[in-house]
Amino acid sequence: MTPVDVLTFGEAMVAVRADGPVRLGGAARLSIAGAESNVAIGLARLGHAVRFAGRVGSDESGALVERTLRAEGVALALRPDPDAATGLVLFEQRLPDLTRVEYHRAGSAGSRLEPDDLTAALAAGARLLHVTGVTAALGPGPLDAVRRAVAHSGWRVCLDVNHRARLWSAAAAAAALGPLARRVDVVVGSPEELELVGGVGALRDAGCEVVVKLGAEGARALTADGEHAAPGHRVGVVDSVGAGDAFTAGYLSALLDGLAVPGRLARGNAVGAFAVATRGDWEGLPTRAELDLLGLPGGAALR
């Protein structure tokens, strides 16, 4: 394996998006989804070398995950698991601005991730490691994998808290992620998630760059140099799922490019705006050449 700009790992699942109420049956579309794979695709589209590690089932669903990530330019360190299926997530757009999400991931291949699954990817190296609370919540093996990766020296580390109440309690998340958060370089989360891992003040005292996601209101970052804020973009929201991952991909892209904090926030907000304007977790994420499209007047046509 060759070194990359970013290494991330976790569970990429098959995503089924129903066109109507699930209980009525009907048409649906098949894709993939997952917090870390979303970030990997976002960074790859912005021109960065990214590797995604994890487990998938030795099944057609796992083949879809692998094929999609390869098509998006993401390098892979995937381990096929012959004894467990690839996880599945079901999306139902119940109201125009309300998505109902149903997970089928208990006992999945991704939930059986172990620290040894990362050995080759860790040895290959990266400029930046990206981990999330989602993977840590999947079970003892995935949590140990997160801890091992964070302890591996030689790179910057970003933790997106990404608390999922269906996976574990707030108390369990705080106990596991709080100590990790104080060891990384960048911590990303909503105001509530950041409180879960110790609070902004404690994280700053630990030397972390703290990035606060504020949804449509934009984002702010608190660093040793002070506090910075950037407004969000006003776009028509088609699907808000994946917006936080998109923001993180944009922020980390600008960090890798050496931009100052205001530029990191601006790129994060821009990528997040692209994400919510298109249905799907990652399908609407922009390429680097498309980042300036948000500055065009409404109704513009590129011909």
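These numbers were taken from a predicted model, which means no experiment stands behind them.
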Shared hydrophobic cluster, [X] / [Y] (ILVMFWY, side-chain heavy atoms < 4.5 Å):
| X | Y | answer |
| --- | --- | --- |
| Val6 | Leu259 | no |
| Leu129 | Leu76 | no |
| Leu138 | Leu78 | no |
| Ile32 | Val50 | no |
| Leu214 | Phe274 | no |

Which atom of [X] lies closest to which atom of [Y], heavy atoms considered:
| X | Y | result |
| --- | --- | --- |
| Trp155 | Leu128 | CB-N, 4.2 Å |
| Val200 | Glu195 | N-OE2, 4.3 Å |
| Val101 | Arg166 | O-NH1, 2.5 Å |
| Arg148 | Leu122 | NE-CD1, 3.8 Å |
| Val134 | Glu36 | CB-OE2, 4.3 Å |
| Ser31 | Leu64 | O-CD2, 3.6 Å |

**Message:** Consider side-chain contact (heavy atoms from CB on, under 4.5 Å). Of Val157, Val212, Leu203, which one does Val187 pass it with?
**Reply:**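 Passing option: Leu203.
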Salt-bridge present ([X], [Y]; N to O < 4.0 Å):
| X | Y | answer |
| --- | --- | --- |
| Asp281 | Arg17 | yes |
| Lys213 | Asp160 | yes |
| Asp205 | Arg182 | no |

Would you mind reporting whether [Y] and [X] have side-chain heavy atoms less than 4.5 Å apart?
| X | Y | answer |
| --- | --- | --- |
| Arg112 | Asp83 | yes |
| Val211 | Tyr251 | yes |
| Cys158 | Val184 | no |
| Arg288 | Asp257 | yes |
| Trp168 | His163 | yes |
| Leu177 | Leu196 | no |
| Arg147 | Pro179 | no |

At what distance, to the nearest 0.5 angstrom, does [atom1] of [X] lie from [atom2] of [Y]?
| X | Y | atom1 | atom2 | value |
| --- | --- | --- | --- | --- |
| Ser61 | Leu88 | OG | CG | 7.0 Å |
| Asp5 | Leu255 | CG | CG | 11.0 Å |
| Glu227 | Arg220 | CD | CZ | 4.5 Å |
| Leu256 | Arg264 | CG | CZ | 9.5 Å |
| Leu43 | His130 | CG | NE2 | 8.0 Å |
| Glu290 | Leu46 | CD | CG | 9.5 Å |

**Prompt:** Got more than 12 heavy atoms from elsewhere within 6.0 Å of CZ, Arg156?
**Reply:** no
**Request:** Show the numbers, then the answer: is there a side-chain contact (heavy atoms from CB on, under 4.5 Å) between Thr86 and Glu60?
**Result:** CA-CA 9 Å; Thr86 303; Glu60 289 303 299; over 6 Å; no
**Asked** In terms of side-chain heavy atoms, does Thr278 have a donor or acceptor partner in Glu283 at a distance below 3.5 Å?
**Response**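 There is no such pair (donor and acceptor under 3.5 Å, judged by atom type) between the side chains of Thr278 and Glu283.
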**Item:** Nonpolar side-chain network containing Met1, other nodes, edges under 4.5 Å
**Value:** none
**Item:** Residues forming a salt bridge (Lys or Arg N to Asp or Glu O under 4.0 Å) with Arg67, sequence neighbours excluded
**Value:** none
**Item:** Steps toward side-chain contact (heavy atoms from CB on, under 4.5 Å) verdict (Thr135, Leu113)
**Value:** CA-CA 9 Å; Thr135 296; Leu113 181 74; 4.1 Å; yes
**Message:** Checking the side chain of Arg55 only, and the main-chain atoms of Asp81 only, is there a donor and an acceptor separated by less than 3.5 Å?
**Reply:**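 Such a contact is absent between Arg55 side chain and Asp81 backbone.
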**Request:** Determine, stepwise, if the pair Phe247 / Asn269 fulfils side-chain contact (heavy atoms from CB on, under 4.5 Å).
**Result:** CA-CA 6 Å; Phe247 169 85; Asn269 288 336; 3.5 Å; yes
**Worked verdict on Val39 versus Trp282 for side-chain contact (heavy atoms from CB on, under 4.5 Å)** = CA-CA 8 Å; Val39 172; Trp282 54 268; over 6 Å; no
